[in-house]
Every structure is written in C-alpha cells, then in structure tokens.
Engineer: 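Have a look at this one.
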Amino acid sequence: MDIGDLDYRVRTQSGCIPPDLVSRLLELGHAEEVEWWAGRGEWFCAQEWARLLAGQGREEQALEVLAPYVATGWWTAVRTTAELLESRGRADEAIALSRSRMEAGHPQALDFHARLLARHGRGDEAFCLLRPHVQDWSIAAALADVADSIARNDEAAALLAALIPDGHRCDDPWCCRGLDPDMVIGLLATILERQGHIDDAIDLLRTRTNNSLNNQDQLADLLARQGRTEELHAYAATELFGNAARRLAELLEERGDVEGAIAVYRQVGDVSICPGNVAVDLARLLARHGRGEEAVDVMRTLADAPGGAEDWIVHVLCTLYADQGRHQDGLAYLDALKARRGQEEWELFWIRLPLMAACDRVDEAVEEAMAHPEGNTCHTVSHVARLLAGAGRLEEAVATLEPHSPANSRDLAGYLIGLGRVEQAVAVLQQNRPKPPPPSPGPWHDTPPF
C-alpha cells in the first residue's frame, strides 16, 4: 500500500469503495466481499470490517485487518487502531502507538496523543507536551480541554491570553498560525465558563468581532446553557446572522413554548442580513408542529418577493408541499414561476422531477429531463437514474448512467450493488483512481502548508 495514494483516495472518496456503499454491501448480505476487499487496500471496507469484528469480541482479528494499513505509517489507520485499542481497555498500547507517530512529527498526532493521555490519568504529561505548541489552533483547543481535567485552567488561560498582542487583528488566515484573537477569546471564554465565571465569559465574548462560526454562535450557546433567556432575547434582536435567534427559538421550543419560538423568528426576520435562513428556520419549526399551511405561506411570501425565488428557497417550498402530499400544488407553483420568467433553468427544473414521480408521472419526468437543454449531462442523468431507481427500475437506471461513467461512478455502483452485481460495481469505482499530488520533500511540517 502507498500512503500517499491511500490518503488521497480516502480524503476525496474517489477511486475506492466509499463508506455509504460499504454499508450498502453489508445491508444486502455481501459481508464476504467487504472482508475480501478489506485485505486489498480498500480502507473503508477494512475500517468497517474491523469494527464489526471488534463488536463480536474478535479484537485480535480486527487488529490484523488494520495492521497492513498501520504499517505504512498512515495517520488515519494509526488513529483508528489506537481508538480500537482504547475501546477494548488497552490504553497503554494505544498511547504507545500514537506516541510513535507523534515522535515522527505527524501534525495531527500531538493533539490526539495528548487527549488520549489525559483520558487515562496522565493529564499533566499531556499539558507539558502541548504547552510549547499552544500557538496552533488545534493544540490550543486541546490544551484548554486537558487543563480542565487537571485543574490547570488558570495556567492555560494565561498562556492563551499572552499569545496575541493588544489590539492586533489578523489580515490573513495564517497570520497567527490560525489562532487569531477571536479564537483565543472563544477558548478563554470556555475556560471562564468552566470555572463558573459566567459574567466574565459573557463580557469577554461581547468584545469579539464575531461569535458566529459554522451556523453556531458561542455567546448565544453560553446564554442558553446558563438559562439567561432575557439576555439571549436582547442579543438575538441585534445578531445579524440569525444564529442567536435560532438558538433562542430552539431553547423555547425545548421548553414547550412554540408560540414564543415563532415570535422570535418573526421579530428578527426583518433585521437579519440572512432573512432567507430565518424564514426557512421558521417554516421548518411550523412544519414540525403540524402547521404546514403556515409553513408554506412563510416560504411563498419569501419566494414571491422580488429576487426571492432562488433555487434553494424554491426547493424548501416544494419540499414542504411534498411533505404534505401536495405534489400538484408544488408543480403548479413551478409552472407559474416558469411562466413569469419565460424559461426554467436546470437549477429550478430538477425540483419538479420528484414531484412528477410522486404523481405517477415517472416516464413523463424522464422524457422532459432528457429533452432539457442540459439533458445529456452527467448531473441530469443522475437525476433521471434516481427517478428510475425510485420506481424499482434499476436496470434502466444503470443503462442511463453507464455512458457517463466515470463521472457518475458512485451512483452507478450503488445501483449495480442493488442488482447484486458487486464485482462490476467495484470495477466501476476503481476504474478512475486519481493520482495524488507529489509529496513535499522532507519530513512532516508543523507550519502551513502541511
């Protein structure tokens, strides 16, 4: 096995059997094929087969499955094996294994190794390992977590606070090696909250440029955890991305105050810079509580506003129609939209296909899709094949996709597996193995690019 080839194929999930298809093979009773390919460089097969063996108490056999991958020094295999060892009560072996990669200089091994040590009563040792490298984001986060387990929060806070000069703001992602002032503030606030200094944590987060990351808002989450509902109300009214409003609405919904949650979304919808996101959250809340008509009205109002009929908005609207069994209403809306615009781009056209299929119009949907100006493209035939497969016509789905392989190899392989043609499915997946970029000369690096 080649470590570069393994890593690239697994990261891109190309040229290999991906995890969803491994699960599909097992669901359909093809365990022998999964076992066979586990020993022939198919990592996702090896990973799942080892998990199954370990679950049956056959941990030595599970480790044998992973051993050839570990022998390459590939971090993904090392980590998986260490996690397996730890889960079976063999923490010392897991620690020794992860230490070997840490000492070899792998950039991800230090974080993992330190957390592993801390989980097994060696937190002070972990803290000392992390401290010299605290300027890196992942290491700083690990240090904050390890510090809490050994009551060294004050020391961790001091280390973090000293990292960024007063008033400094980064002008590129790697200015402070990925650990910019806002990230430091977030970690410091986490430490303060753990220590019970809630007011100090809140005050600190209010100094941050932006508390929203990946559709979450750290300040809103803190206020919700602490039951500071009034403060969360005030914050949600001024937080422009709508993440604080979502957290407040979730909190109110959890408490059974659905009307209060609805009111939150309605109040912030006009002031948010992401009104579409707020409207979608509101519509989904209404739908969860059996108020589908109101949910549709929310999305219709948004979609009918000037410039509002974006494809993702229309998709949510038509999904709501479908969830209520109102497929014809969804199609009628798309027809009216097409009439207003005089055309129907593919981004909107494909939304009508499952609606037509639900109305027993599969053949008509297929015919219209193939007649579309983009009908002979790989993304169109993927939708067509999905329609056919949904109608139980797997052979036709395969025939539709085969001329477009390898662009649609994953979909094609899935349908072939459904037909029991596993060998052909694997051949399709492996026919276009990508070549990884040439490795950088020298050892692993602890500065970007890794």
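Given the structure is predicted, the values throughout are model-derived calculations rather than measurements.
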Engineer: Out of Arg386, Arg421, Glu402, Glu395, which one pairs with Tyr415 under the side chain to side chain contact (heavy atoms under 4.5 Å, CB included) rule?
Structural biologist: Arg386
Engineer: Rounded at 0.5 Å granularity, tell me how far CH2 in Trp312 sits from OG1 in Thr319.
Structural biologist: 12.5 Å
Engineer: Would Val280 and Val298 count as a side chain to side chain contact (heavy atoms under 4.5 Å, CB included) here? Give the steps.
Structural biologist: CA-CA 8 Å; Val280 168; Val298 168; over 6 Å; no
Engineer: I'd like to know if the side chain of Asp136 reaches the main chain of Ile139, judged simply by a donor and an acceptor atom lying under 3.5 Å from each other, with no hydrogens or angles considered.
Structural biologist: no
Engineer: For Ala118, is there any backbone N or O sitting under 3.5 Å from a side-chain donor or acceptor partner on Ser149?
Structural biologist: no
Engineer: Quick check against the 3.5 Å criterion: does Asn211 have a side-chain atom that pairs as donor or acceptor with the backbone of Leu205?
Structural biologist: yes
Engineer: Please step through salt bridge (Lys or Arg N to Asp or Glu O under 4.0 Å) for the pair Arg9 and Asp5, ending with a clear verdict.
Structural biologist: CA-CA 6 Å; Arg9 282 191 286 120; Asp5 183 52; 3.1 Å; yes
Engineer: Regarding Glu344 and His372, do their side chains bring together a donor and an acceptor under 3.5 Å, going by distance alone?
Structural biologist: no
Engineer: Apply side chain to side chain contact (heavy atoms under 4.5 Å, CB included) to Cys318 and Val314, showing your working.
Structural biologist: CA-CA 6 Å; Cys318 289; Val314 175; 4.1 Å; yes
Engineer: Does a salt bridge link Asp221 with Arg225, judged by any charged N lying under 4.0 Å from a carboxylate O?
Structural biologist: no
Engineer: Passes side chain to side chain donor-acceptor pair (under 3.5 Å), Glu310 versus His315? Steps please.
Structural biologist: CA-CA 9 Å; Glu310 298 181 56; His315 185 218; over 6 Å; no
Engineer: Can you tell me how far the CG atom of Asn277 sits from the CG atom of Leu282, to the nearest 0.5 Å?
Structural biologist: 12.5 Å
Engineer: Tell me whether Glu60 is salt-bridged to Arg90, with the criterion being a basic N under 4.0 Å from an acidic carboxylate O.
Structural biologist: yes
Engineer: So, for Ala236 and Leu248, which heavy atoms are closest and what is the spacing to 0.1 Å?
Structural biologist: CB-CD2, 4.2 Å
Engineer: Would you check if Leu412 and His404 make a side-chain contact, meaning some heavy-atom pair closer than 4.5 Å?
Structural biologist: no
Engineer: Do you know which two heavy atoms are closest between Ala201 and Ala189, and how far apart they sit?
Structural biologist: CB-O, 3.6 Å
Engineer: Nearest heavy-atom pair of Val384 and Ala369: which atoms, and what distance?
Structural biologist: CG2-CB, 3.6 Å
Engineer: Any heavy-atom pair between the side chains of Arg88 and Leu84 that's under 4.5 Å?
Structural biologist: yes
Engineer: To the closest 0.5 Å, what do you measure between CD (Glu294) and CG (Leu320)?
Structural biologist: 12.5 Å
Engineer: Establish, from distance only, whether the side-chain atoms of Arg247 and Gln216 form a donor-acceptor pair under 3.5 Å.
Structural biologist: no
Engineer: Could you tell me if Tyr333 and Arg326 have a donor-acceptor pair between their side chains, going purely by distance under 3.5 Å?
Structural biologist: no
Engineer: So, do Ile95 and Arg99 sit near enough that their side-chain heavy atoms are less than 4.5 Å apart?
Structural biologist: yes
Engineer: Under a 4.0 Å threshold between the charged nitrogen and the carboxylate oxygen, would Arg246 count as salt-bridged to Glu253?
Structural biologist: no
Engineer: Judged by modelled atom types alone, do Gln226 and Glu193 share a side-chain donor-acceptor pair under 3.5 Å?
Structural biologist: yes
Engineer: Drop me the distance from Leu66's CG to Trp74's CH2, to the nearest 0.5 angstrom.
Structural biologist: 10.0 Å
Engineer: Taking 4.0 angstrom as the limit, do Asp363 and Arg393 come out as a salt bridge?
Structural biologist: yes
Engineer: Considering residues, nucleotides and ligands other than Glu423, do more than 12 of their heavy atoms fall under 6.0 Å from its CD?
Structural biologist: no
Engineer: In residues 20-39, what donor-acceptor pairs under 3.5 Å come from side-chain atoms, sequence neighbours left out?
Structural biologist:
residue : atom : partner : partner atom : Å
Asp20   : OD1  : Arg410  : NE           : 3.4
Asp20   : OD1  : Arg410  : NH2          : 2.7
Ser23   : OG   : Pro19   : O            : 3.2

Engineer: If only atom types and distance count, is the side chain of Arg208 paired as donor or acceptor with the main-chain N or O of Asp182 below 3.5 Å?
Structural biologist: yes
Engineer: Take Leu285 and Arg291 through the test side chain to side chain contact (heavy atoms under 4.5 Å, CB included) and record every step on the way to the result.
Structural biologist: CA-CA 9 Å; Leu285 169 66; Arg291 297 165 67 170; over 6 Å; no
Engineer: Tell me the closest heavy-atom pair linking Ala142 and Asp111, and the distance in Å.
Structural biologist: CB-OD1, 3.6 Å
Engineer: Decide yes or no on ring pair (Phe, Tyr, Trp, His ring centres under 6.0 Å) for His379 and Trp350, but give the supporting numbers first.
Structural biologist: CA-CA 10 Å; His379 59 265; Trp350 75 265; over 10 Å; no
Engineer: Do side-chain atoms of Ser409 reach the backbone of Pro406 as a donor and acceptor pair under 3.5 angstrom?
Structural biologist: yes
Engineer: Just verifying a value: how many Å separate Thr76 OG1 and Gln47 CD, rounded to the nearest 0.5 Å?
Structural biologist: 8.5 Å
Engineer: Checking the side chain of Glu239 only, and the main-chain atoms of Phe241 only, is there a donor and an acceptor separated by less than 3.5 Å?
Structural biologist: yes
Engineer: Compute whether any side-chain donor of one residue and acceptor of the other, for Gln431 and Ser405, lie under 3.5 angstrom apart.
Structural biologist: yes
Engineer: For atom CG of Asn376, decide whether the heavy atoms of other residues, nucleotides or ligands shown that lie under 6.0 angstrom number more than 12.
Structural biologist: no
Engineer: Donor-acceptor check, side chain of Asp217 to backbone of Ala244, threshold 3.5 angstrom: yes or no?
Structural biologist: no
Engineer: Please examine the side chains of Leu429 and Pro18, heavy atoms only from C-beta on, and report whether any two atoms are closer than 4.5 Å.
Structural biologist: yes
Engineer: Just by distance, with hydrogens left out, do Asn153 and Asp148 show a side-chain donor and acceptor under 3.5 Å apart?
Structural biologist: yes
Engineer: Yes or no on side chain to side chain contact (heavy atoms under 4.5 Å, CB included) for Glu368 and Arg352, after CA distance, side-chain angles and deciding distance?
Structural biologist: CA-CA 10 Å; Glu368 288 192 15; Arg352 70 170 55 246; 4.3 Å; yes
Engineer: Tell me whether Arg194 is salt-bridged to Asp145, with the criterion being a basic N under 4.0 Å from an acidic carboxylate O.
Structural biologist: yes
Engineer: Might you point out which heavy atoms bring Ile351 and Asp311 nearest each other, and give the distance in Å?
Structural biologist: CD1-O, 3.7 Å
Engineer: Please check if the side chain of Asn408 supplies one atom and the backbone of Asp411 the other of a donor-acceptor pair under 3.5 Å.
Structural biologist: no
Engineer: About how many Å separate CG of Asn243 and OG of Ser212, when rounded to the nearest 0.5 Å?
Structural biologist: 4.0 Å
Engineer: Taking the cut-offs as 6.0 angstrom to the six-membered ring centre and 45 degrees off its axis, would you call Arg79 and Phe112 a cation-pi pair?
Structural biologist: no
Engineer: Measure the shortest side-chain to side-chain distance between Val381 and Met370 over non-hydrogen atoms and say whether it is less than 4.5 angstrom.
Structural biologist: yes
Engineer: Indicate yes or no for a side-chain donor-acceptor contact from His106 to the backbone of Gln108 under 3.5 Å, with no hydrogens or angles considered.
Structural biologist: yes
Engineer: So, does Glu42 use its side chain to make a donor-acceptor pair with the main chain of Ile17 at under 3.5 Å?
Structural biologist: yes
